Amino acid sequence: FALSSVTFFHNIPGVPDGKDGLNLNACLLARIFDGKIRFWNDSEIVAENGHLKAQLEAVAENDTPIYVARRVHGSSSTSSITKYLHEACPNEWPASKVGSELGAK
């Protein structure tokens, strides 16, 4: 058998990594991947990350949208991520999307 992991990461100028960095719950991730949240200063992201409000608003002032880097075709990673999103936030990521591509088109 094989064991693997999937991780999410960001590259936001001025936003630290680690425990003082960005926090995104599964429902926020689902809305980002679905294209429903497009900017880092979205009220839901700021509510989850009040300690980073100034940094997130500074990035958004440049009209820099969130860019989701993803594989074009499905993969085992895509399957794992979509299963996670569905299990953790089924209202945002219904069963019909499990195994589908990530990201709004």
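As the structure is a computational prediction, the values presented were derived from the model and not from experiment.
- Taking CG of Leu85 as the reference point, atom SG of Cys27 lies at 9.0 Å (rounded to 0.5 Å).
- Contact annotation: the side chain of Asp17 never approaches that of Leu22 to less than 4.5 Å [non-hydrogen atoms, C-beta and beyond].
- Counting only heavy atoms from C-beta outward, the side chains of Ile37 and Leu28 approach each other to under 4.5 Å.
- The two residues Val46 and Trp40 make their nearest non-hydrogen contact at CG2-O, 4.4 Å.
- Summarising the geometry, atom NZ belonging to Lys53 is positioned 5.0 Å from atom CD belonging to Glu57; distances are rounded to the nearest 0.5 Å.
- With rounding to the nearest 0.5 angstrom, the CZ atom of Arg38 is 16.0 Å from the CZ atom of Arg31.
- In this structure, the side chains of Pro16 and Leu52 come closer than 4.5 Å at one or more pairs of heavy atoms.
- Relative orientation of the Tyr84 and Phe8 rings is tilted, given thresholds of 30° and 60° on the angle between their planes.
- Taking NE2 from His10 and CD1 from Ile32, the interatomic distance works out to 11.0 Å, rounded to the nearest 0.5 Å.
- Legend: residues meeting side-chain contact (heavy atoms from CB on, under 4.5 Å) with Asn23, ordered by chain and number and at least two apart, are Glu48, Asn49, His51.
- With rounding to the nearest 0.5 angstrom, the CZ atom of Phe39 is 11.0 Å from the CD1 atom of Ile45.
- Side-chain contact check for Leu29 versus Asn25: every heavy-atom pair is 4.5 Å or farther apart.
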| task | Show your working on salt bridge (Lys or Arg N to Asp or Glu O under 4.0 Å) between Asp34 and Lys97 and close with a plain yes or no. | result | CA-CA 10 Å; Asp34 209 22; Lys97 289 185 168 188; 2.6 Å; yes
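- Heavy-atom minimum distance, Ala30 versus Glu92: CB-CB, 3.8 Å.
- With hydrogens and angles ignored, the 3.5 Å screen pairs a side-chain donor or acceptor of His86 with a backbone N or O of Trp93.
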